[in-house]
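Before any comments, here is the structure.
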Amino acid sequence: MDVEILSRIQFAFTIAFHYIYPPLSIGLGLIMVIMEGQYLRTGDKVYETMARFWTKIFALTFGIGVATGIVMEFEFGTNWATYSRYVGDVFGSALAAEGIFAFALESGFLGVLLFGWNRVSSKVHFIATLGVWLGSMFSAVWIVVANSWQQTPAGYHIVGEGMEARAEITDFWAMVFNPSSMDRLSHVWIGAFLAGAFLVLSVHAYYLLKGRHVELSKKAFKIALGVATIFSLAQLFTGHRSADGVAVNQPAKLAALEGHFDTLAPADMYLFGWVDKENQQVTGLKIPGGLSFLTHFDFEAPVTGLNAFAEEDRPGALNAIFQFYHLMIAIGMALIGLTLYASWQWWRGKLFEHRWLLTIFAWAVLLPQVANQVGWFAAEMGRQPWVVYGHLRTSDALSKVVTANQVLFSLIMFSIVYLLLFALFIYLLNKKIKHGPDDQDLIDQRPRQKAMIPE
Amino acid sequence: MATFIGFDYPTLWFLVVGAVFSGYAILDGFDLGAGAWHLFFRKEQSRRIALNAIGPVWDGNEVWLVIGGGALFAGFPHVYATLFSAMYIPFMLFLLFLILRAISIEFRSKEPMLWWRKTWDIIYSVASITLAVALGVVLGNVLQGMPIGADKEYTGSSLAFLNPYAILVGLTTLALFMMHGAIYLLMKTEGRLYAKLTILLKRGIIAFIVLFSITSLYTLIYIPHLSDDFRSNPALFVVPLLAFLSIANIPRLASKYKFRQAFFFSALSIAFLLILVAIEVFPTILLSTTDPAYSLDIYNAASSEKSLGIMLLFAAIGIPLVSGYTFFVYKTFAGKVELDETSY
């Protein structure tokens, strides 16, 4: 295999693995802020117990998120040196801003969040939790801005010719608020809230099914259900805005997402289907004129198809892009149905009476994770063959001096380490869940005392 | 060209990147150094105390690496691209051990089994050692220069990073961090571990001074271009002199058990040594051994003035903020380590 395909596999693999964890940190952070806020408001110790319990799980996800995140930053230089030269002036400033304004905030307060329970007051601890959560939210801002700039570049000009060409910033705020930033950011944030909320729902549904920590779990479940219901619905809106934006700014990508080959009026939208790239056909269940309506609010309007673009400017893996995109939407709809039904049961006072509903929630933790992953895949594969849309091809972005053997070595290394890491994560997560919220934690150790050392 | 307080933007950004990497070396330096000593502590309780001495802060210390990497990428993209692709293997190993170290700290205390804890102890310590050496090896290659062509691309072989000078700088870095880490642990511990560390620190100081002397001599004899600036401007000799004085202060203060002050001076020594490095390389960052005309300096490798201006503003706002959180965290966890139920 050549350097390009190996480097692409390595980047895709390392970022997909990384992307399991930051959304969990952002989502759990929100829920921990609510739990600690409830504790400060009501003084009910049960909220403190659940906040402490989720802090321990948060520590696991955060630690792995940081370790795998540094890899991403390094890979721009090691594997994509030409890309780094091309975009450093623009993309680099967003990455630097992430480090200094976001990552520093979250990591700075993390120590207090994890180890400060007995050292600082509840209020200061709440502020630390809020700081960590806001830091993780800001991280998402800069990373999504940097990525969105690759999708819809703005606020720059190109200087130099040929292989010397590079982008230089002309308008910082135009770069930050490029045409897709805000839609994609809100979509990513909400995806993260759902990932966190559904983990909380899953764990507490499991306790309720087992009859453990019942009082605490009911309260925690309701907090997470509230978050999940609001944001499942909101995700429909941000998803629609993102698709609208893609239609305007990246028509070839929209055509790939929908498997739309010829510029037709009306253009149909598929609920599900199978893309036959050879014969340029999609077989499946469709809404006639749906795509026209989505993009132009008119069932009869023509929508640009893939064939309007030169062969070398079209994304390649059409069926995969189509399936990933449609799977994301299907999961989004399922989450809306599930959370609305559960909220209705809550309103009727029968939320915890259906074992089958709790069983679904115990497993539903996988859904937002899958949706987040396939959504990114669709977004990134749909951008191909460009790494900076319309300017720099992925095949031109590689490091010129790195050999296939070097990348193969690192790819194998990452595969082994990440498999180990994932196995340990699942093992320890499972162990923490089995152990459950600790009543021991409720013993108030303030004012500070010399701790006993278990030996 | 735009200037601020008499310096042009690339020079200012060079100072910012240098300051951030110095902050990283001072902060992560002590926790890497503490990790490098880890296997010298035999008792389970000593190991726990040593781990918890860095527990609340190591992650925040790594922030400075991320900021430094971002600052280099954003300010000098050509240096970032050339250096990282040239040093592919050392950087990949660095990442590997960075991950292993993070998870060993996180996972070690999660199971009581002896084999489990011993395994993570070994991984933690080996990773800490490797990271310190790898940082030094990359620095050694930067100091020495590397073959770079007219197109700013590295032209050497992928294993050329392993050369005697780079290895020597790597070992010196390890010894420096171990000395720094031992002093930090002495500030945070008491009793048996403290007594053991006083002995270890002595060995660390000797090892560092020996290695540092060899490196200095080697540099003067075999890499003369690094002392060019000093020959042309003798006033700069004040920096190595200050570095020497602050290093000399460490054994003096350590023998009086004044470890807080000794820590201050080991931090200061790291800062002076990096200022020394900065003077040696400035304004060239990556020297081309093929033809000095192909070298990457702060001008031909820099981002546009507009971009540097924006980021200087970021740095002016951000670095005090980051220093503020850092100060708050260190203040919260000041004093000797006390183990409790939130400890590792």
Side-chain angles (χ1 to χ4, degrees), chain A residues 59-60 63-64 66-68 70-71 73-74 76-78 81-82 84-85 88-89 92-93 95-101 103-105 107-112 114-120 168-170 172 399-403 406 409-410 413 417 421 424 428 431 440-441 445 450-451 453 455, chain B residues 44-45 55-57 59-60 62-63 65-67 69-71 73-75 77-78 80-86 88-89 91-92 95-96 98-100 102-103 106-107 110 152-155 158 303-304 306-307 310-311 314-315 318-319 321-322 325-326 328-329 332-333 338-343:
Chain A
L60 263 183
I64 299 181
V66 172
T68 54
I70 296 178
V71 173
E73 187 189 13
F74 275 50
F76 294 126
T78 51
T82 309
S84 299
R85 295 180 205 278
D89 204 86
S93 59
L95 207 65
E98 194 265 341
I100 202 152
F101 292 127
F103 188 46
L105 181 64
S107 298
F109 282 117
L110 183 74
V112 181
L114 299 184
F115 303 99
W117 289 103
N118 305 328
R119 284 186 172 251
V120 297
E168 273 191 3
I169 202 159
T170 53
F172 179 74
S399 295
K400 297 197 177 87
V401 302
V402 171
T403 62
Q406 283 174 301
F409 149 77
S410 56
M413 178 194 95
V417 174
L421 198 50
L424 283 166
L428 289 171
K431 199 178 140 159
Q440 286 292 310
D441 286 348
Q445 301 208 350
K450 264 260 199 265
I453 299 161
E455 186 72 21
Chain B
E44 164 69 10
Q45 191 186 328
V57 296
D59 195 69
E62 273 181 14
V63 166
L65 174 68
V66 176
I67 297 176
F73 184 4
H78 287 297
Y80 183 79
T82 304
L83 181 66
F84 278 52
S85 55
Y88 191 87
I89 292 176
F91 276 123
M92 285 299 152
L95 290 173
L96 169 73
L98 205 65
I99 296 170
L100 287 176
I103 60 176
E106 207 55 59
F107 291 169
K110 301 295 189 278
K152 300 192 170 78
E153 296 285 357
Y154 175 73
T155 55
S158 54
S303 284
S304 67
K306 170 115 186 157
S307 186
I310 293 164
M311 290 185 303
F314 283 0
I319 291 180
L321 275 177
V322 180
Y325 319 138
T326 310
F328 173 69
V329 174
T332 306
F333 296 97
E338 293 168 17
L339 297 179
D340 66 18
E341 89 284 351
T342 62
S343 303

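Keep in mind that the numbers below use all heavy atoms, side chains included, and drop hydrogens, waters and symmetry copies. It should be emphasised that the depicted structure is a prediction, and the values quoted were computed from it without experimental measurement. To find a chain, count down the sequence lines: A is the first, B the second, and so on, and within it residues start at 1.
The structure places OG1 of A/Thr78 at 11.0 Å from CG of B/Leu83, a figure rounded to the nearest 0.5 Å. Note that NZ of A/Lys400 is 13.5 Å distant from OG1 of B/Thr155, once rounded to the nearest 0.5 Å. If you take OG1 on A/Thr68 and CG on B/Leu95, they are separated by 11.0 Å, rounding to the nearest 0.5 Å. Between the CD1 atom in B/Ile89 and the CZ atom in A/Phe409 there is a gap of 6.0 Å [rounded to 0.5 Å]. For the atom pair CD1 (B/Ile103) and CG (A/Leu424), the distance works out to 6.0 Å, reported to the nearest 0.5 Å. Note that the OG atom of A/Ser84 and the CZ atom of B/Phe84 stand 9.0 Å from one another [nearest 0.5 Å].
Shortest non-hydrogen contact noted between B/Ser303 and A/Asp89 is CB-OD1, 3.0 Å. Taking both residues in full, the closest heavy atoms of A/Gly111 and B/Phe333 are given as O-CZ, 3.4 Å, listed atom of the first, atom of the second, then distance. Closest non-hydrogen pair, B/Val322 versus A/Ile100, comes out as CG2-O, 3.7 Å.
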After noting the C-alpha distance and the side-chain angles of B/Val329 and A/Phe109, does the key distance pass the side-chain contact (heavy atoms from CB on, under 4.5 Å) rule? CA-CA 7 Å; B/Val329 174; A/Phe109 282 117; 5.5 Å; no
Run the side-chain contact (heavy atoms from CB on, under 4.5 Å) test on B/Tyr325 and A/Ser107 for me, step by step, so that the C-alpha distance in whole Å, both residues' side-chain angles and the decisive distance to 0.1 Å come before the verdict. CA-CA 9 Å; B/Tyr325 319 138; A/Ser107 298; over 6 Å; no
Pair A/Thr170, B/Lys306 - check side-chain contact (heavy atoms from CB on, under 4.5 Å), show working. CA-CA 7 Å; A/Thr170 53; B/Lys306 170 115 186 157; 5.7 Å; no
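Ring geometry, A/Phe172 versus B/Phe314: the interplanar angle exceeds 60°, so the pair is classed perpendicular (tilted spans 30 to 60°). In this pair, A/Phe74 and B/Phe91 present their aromatic rings perpendicular. The plane angle is above 60°, beyond the 30 to 60° band.
Heavy-atom distances place the side chain of A/Val66, and not its backbone, under 4.5 Å from chain B. A/Ile169 touches chain B through backbone and side chain together, each having a heavy atom under 4.5 Å away. Only the side chain of A/Leu110 comes within contact range of chain B, with heavy atoms under 4.5 Å apart.
Checking side-chain atoms of B/Lys152 against main-chain N and O of A/Arg85 turns up no donor-acceptor pair under 3.5 Å. Remark: side-chain polar atoms of B/Glu153 are not paired, donor with acceptor, to backbone N or O of A/Val401 under 3.5 angstrom.
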